[in-house]
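Below: one structure, written as structure tokens.
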Amino acid sequence: MQKKLLQGNVALAEAAVRAGCNCYFGYPITPQTEIMEYLAGRLPEVGGVFLQAESEIAAINMVYGAAGAGARVMTSSSGPGISLKAEGISYLAATELPCVIVNVMRAGPGLGGIQPSQADYLQATRSAGHGGYRCPVLAPSGAQEMADLTYLAFQLADQYRTPVFILADALVGQTKELVELPEFIKTLPAKPWATTGKTGRKRNVINSLYLDDNELENHNLQLLQKYEQIALSETRWEEQWCTDAQIIVVAFGFLARIAKEAVLLAREMGIKAGLFRPVTLWPFPAAALRQAVTSDRKVLVVEMNGGQMLEDVQLAVNKQVPVGFLGKVGGLPPEAREILGRIAKMAGEKIAQIS
Amino acid sequence: MHRLAERPTLLVDRAFHYCPGCTHGIIHRLVAEVLEELQLADRTIGIASVGCSVLAYEYFDLDMQQAAHGRAPAVATGIKRFLPDSVVFTYQGDGDLASIGMAEIIHAAARGEAITVIFVNNTLYGMTGGQLAPTTLLEQKSTTSPQGRKAEREGHPIKVIELLSTLAGPGFLARTAVHTPAQVLKTRKAIKEAFLAQLDKCFALVEILSTCPTNWKLSPVESVEWVEKQMLPVYPLVKLERSDDGTWLKTQL
């Protein structure tokens, strides 16, 4: 198939349409607004529903309604908007309604700025909302993966009846790259549990209230079992040059590509560096990372935040090896040479040799 | 023997959880009767809200979704946009609709979403134990306005029908009551008209003045008198139908 030059946000939006997304509800916020602007024109072309809601709160509750009625539905936002959606996401997780939620991250906290950032890692991988649920979180590293992982997100959402997050950042969302788009999906899964009107069957009820504590316990245990199953089956990562690496750089999203450049520069200098990129941030590929990081190695975590994935890495390696950290919190990524400097320092090389 | 009335088939045969003297039961019955009469059950989806009526999904033999506090009109919008041939109604209390969910109801009405809203107004938060609501009357005592509501402190009661009538989106608005048999019949008619309006692709809302003997600390009989004497002067019973030229046809009920 011919590749097209597409902005990451647009690649994501078109991939959603090809994945059978037939409903979108959202509210404008930088740096993801191109997603909704694209779908405002595109979805009606394929007979889908597009509606700009009055708020992020309304948008996520429209998602809840449409998902309950059997739609393949998506919403997108950035950090401050995801905070507002948190209530609805908790209800979607509790009622096991499939949907895709895109967060093209900007720098925070508060209003922060519109620059690229990875500061919503904790919000996405723990729980945006109340009650202790989990949602799969996919982290694309470029425009191609904005398309591929969105396509995958819809499949996972239906397969496990769960909201699925795409956790991107402004770099991935705004950068234009050549993208090969996925084929249009041919058949969508049946949803016999959906509220479509009770023709010839018992009524379907979508509800997250359990006043009986045994019922609530059973419901939550069933959710936890589902999360375990997702962790077993859907953990995804990518590793390069890790087999002989003395220093393994762990980074996700677009930043992993900058880290890759640094790793290659280090290899040119004779430092054996490797790259480990989690593709699913929840479930975090802890076992794979533990396997890659044997006792004679060191780990460098690079993020555009104050050290959020760092906690998952530390949990994974369990103090068996030294873990360094390079974080940027002002809304700009570190340059490759800055990462290289840290790799060299951890390897015991002098910075002067690389400058 | 000729039967004059029986249990609507769309009401599940189980005891309501509502307090003695509360009129939620009457309103549930009227909604079920109307949907049965209009033969809409196989394409109706109801939205239960948060508050006393949160368990509405237990009582209607219909496909139901339970919504977060105040969000029922947004949930209804999502369903209706995806399934435009469905019949969607929300069942909301006054704290749910007029306080935390005010944005959702205003915008659903402004968009003219073809949904029917059953809005039950008992002037306070029932389920959480009788706190001040946007609809609480001036001087009315609640657990969070123990000296009685004062305009300068808690603001004025919000009149939802009048507020929504400033918008061009709604096609049918009514305020009714269920404190007398005659008003119950008028409410039934208004609910039916509100569903017919939805079939005509209009936003429709029926505000129904209800009782809360437990939190009003009145007997059921005193509660009915309180609706008559205290609520009606503030919340007049009225029906507003949008005519073809966009103006409201107003009928006192």
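Heavy atoms only: backbone and side chains are in, while hydrogens, waters and symmetry mates are out. Naming: A, B, ... by sequence-line order, numbering from 1 per chain.
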Engaged part of B:Val88 at the chain A interface, taking heavy atoms whose separation is under 4.5 Å: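 Interface part for B:Val88: neither.
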
Checking B:Thr44 against chain A: side chain, backbone, both or neither under 4.5 Å from a heavy atom?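 The backbone, not the side chain.
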
Among the options [options], pick out the one with the most heavy-atom pairs lying under 4.5 Å from chain B.
options: A:Ala53, A:Gly70, A:Gly88, A:Ala194; answer: A:Gly70
options: A:Val49, A:Val73, A:Leu211, A:Thr196; answer: A:Thr196
options: A:Gly48, A:Ser55, A:Ala58; answer: A:Ala58

Which of [options] touches chain A most, by non-hydrogen pairs under 4.5 Å:
options: B:Pro84, B:Ala74, B:Gly101, B:Ala41; answer: B:Ala74
options: B:Arg43, B:Glu58, B:His69; answer: B:Glu58
options: B:Leu40, B:Asp85, B:Asp42; answer: B:Asp42

Could you tell me whether the side chain of [Y] reaches within less than 4.5 Å of the side chain of [X], counting heavy atoms only?
X: B:Ile106; Y: A:Glu54; answer: no
X: B:Arg111; Y: A:Leu51; answer: yes
X: B:Leu55; Y: A:Leu209; answer: yes
X: B:Gln66; Y: A:Ser208; answer: yes

For [X] and [Y], work out which heavy atoms get closest and say how close.
X: A:Gly65; Y: B:Ile79; result: O-CG1, 3.2 Å
X: B:Leu83; Y: A:Ala69; result: CD1-CB, 3.7 Å
X: B:Gly78; Y: A:Ala66; result: O-CB, 3.5 Å
X: B:Ala68; Y: A:Asn61; result: CB-OD1, 4.2 Å

Could you look at A:Ala67 and say if it's the side chain, the backbone, both or neither that has a heavy atom under 4.5 Å from chain B?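 For A:Ala67, there is no contact with chain B at all, as no heavy atom is under 4.5 Å.
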
Atom group of A:Thr95 that falls short of 4.5 Å from chain B, counting heavy atoms
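Neither part, no heavy atoms under 4.5 Å.
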
Atom [atom1] of [X] and atom [atom2] of [Y]: how far apart are they, to the nearest 0.5 Å?
X: B:Ile47; Y: A:Ile206; atom1: CD1; atom2: CD1; value: 9.0 Å
X: B:Thr77; Y: A:Met62; atom1: OG1; atom2: CE; value: 4.5 Å
X: B:Met64; Y: A:Asn207; atom1: CE; atom2: CG; value: 9.5 Å
X: A:Tyr91; Y: B:Arg71; atom1: OH; atom2: CZ; value: 9.0 Å
X: A:Lys198; Y: B:Leu10; atom1: NZ; atom2: CG; value: 6.5 Å

Notebook entry, point to check: Where the side chain of A:Tyr64 meets the backbone of B:Gln65, is there a donor-acceptor pair that is under 3.5 Å apart?
Noted result: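 Flag not set: sc A:Tyr64 to bb B:Gln65 has no pair under 3.5 Å.
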
Backbone N or O of B:Tyr57 within a donor-acceptor pair of the A:Arg203 side chain at under 3.5 Å?
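Yes, A:Arg203 side chain to B:Tyr57 backbone: donor-acceptor pair under 3.5 Å.
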
Quiz item: Should the heavy atoms of other residues, nucleotides or ligands under 6.0 Å from CD of A:Gln52 be counted, would the total exceed 12?
Solution: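 Counting neighbours around CD of A:Gln52, more than 12 heavy atoms of other residues, nucleotides or ligands fall under 6.0 Å, so yes.
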
Between the side chains of B:Asp63 and A:Lys202, is the shortest nitrogen-to-carboxylate-oxygen separation below 4.0 Å, so that they form an ion pair?
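No salt bridge links A:Lys202 with B:Asp63.
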
